[in-house]
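First comes the structure, then the notes that go with it.
Heavy atoms only: backbone and side chains are in, while hydrogens, waters and symmetry mates are out. Quick note: residue numbers are just sequence positions, from 1. The structure displayed is predicted, hence computed values, not measured ones.
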Amino acid sequence: MSLHPLIQSYKTLMDFLADLLGRNYEIVLYASDPDTQAFHIEKIINGHISHRTIHSKLSHYELKLIEDEVYLESNYRTHYAVLTDDGQKLFGSTFFIKTGKQLLGMLSINTTHYRVYELINALLAMIPGGKLAVDVLPKTASDKAESEILSNDVADIVQHTIAEIDEKRPNRGPFRKNDKMMLIRELRDKGVFQIKGAIPKVAQILNISDPSVYRYLSEIKKEDEALEQSRYSSR
């Protein structure tokens, strides 16, 4: 597979950044396959931080950035929360590598220095009138505004999303059809169904059949198309 020359140049930049920043910074280069347009991890430095390798899958957050075409309106995203599969909290930032409107890849940097800010905030909280040093990051996964979950397991992402949906429901209890529709829509929007093997895993967790997941996705698509048509007609 031949990579775009621009992506190749970022590999050298990664080595420079790694020497400059040290072992507390994970640097990840994502690249698009010229033939399939699918994204993968091309190179990773200090992968011990998130326990990922070049064989790891993209997270739901990374997939959503691509699916939502965020790169068309912004050149980068900074200071979002990153949660590793062992519960470690990090700072994350992503730079979009693009030519014109085409996304070639992404360069992400995650740092363990989140714990330093937690310590500073704890100290400031002990001072009357003290203000938070940083309050842009969530304290927990469920309290997040924008958060990346670094996990190679689709089940982890699904369970995390179920917990998010469950908190929004006024009445806790068994998931009804509307709850499942909401959940599957959320998973779709996060790009989960782009991950190989996601549909059987989702079906298993929700205790429904694979065809049921496909049916929900079809219904959601029809709802979106009807809404779009309604907006178009009202113009």
Just wondering, do [Y] and [X] contact through their side chains at under 4.5 Å, heavy atoms?
| X | Y | answer |
| --- | --- | --- |
| K177 | K180 | no |
| K101 | E69 | no |
| F39 | L103 | yes |

Original post:
N46 side chain to Y25 main-chain N or O, any donor-acceptor pair under 3.5 Å?
Top reply: yes
Considering non-hydrogen atoms only, spot the tightest contact between [X] and [Y] and give its length.
| X | Y | value |
| --- | --- | --- |
| Y76 | F96 | N-CD1, 3.7 Å |
| Y80 | S108 | OH-OG, 4.2 Å |
| M14 | L107 | CG-CD1, 3.7 Å |
| E67 | R188 | OE2-O, 3.3 Å |
| L58 | E62 | CA-OE1, 3.2 Å |
| L65 | Y71 | O-CD2, 4.3 Å |

Between atom [atom1] of [X] and atom [atom2] of [Y], what is the distance when rounded to the nearest 0.5 Å?
| X | Y | atom1 | atom2 | value |
| --- | --- | --- | --- | --- |
| K43 | I7 | NZ | CD1 | 12.5 Å |
| I44 | T53 | CD1 | OG1 | 7.5 Å |
| T111 | F91 | OG1 | CZ | 8.0 Å |
| I97 | H4 | CD1 | NE2 | 10.5 Å |
| I27 | K11 | CD1 | NZ | 14.5 Å |
| L21 | E26 | CG | CD | 12.5 Å |

Side chains of residues 206-213: which donor-acceptor pairs under 3.5 Å do they make with residues two or more places apart or in other chains?
unit_1: S209; atom_1: OG; unit_2: S212; atom_2: N; d: 3.3
unit_1: S209; atom_1: OG; unit_2: S212; atom_2: OG; d: 2.9
unit_1: S212; atom_1: OG; unit_2: R215; atom_2: NH2; d: 3.4

Subject >> Neighbour count >12 (heavy atoms, 6.0 Å) for atom NZ, K221 >> reply: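 No.
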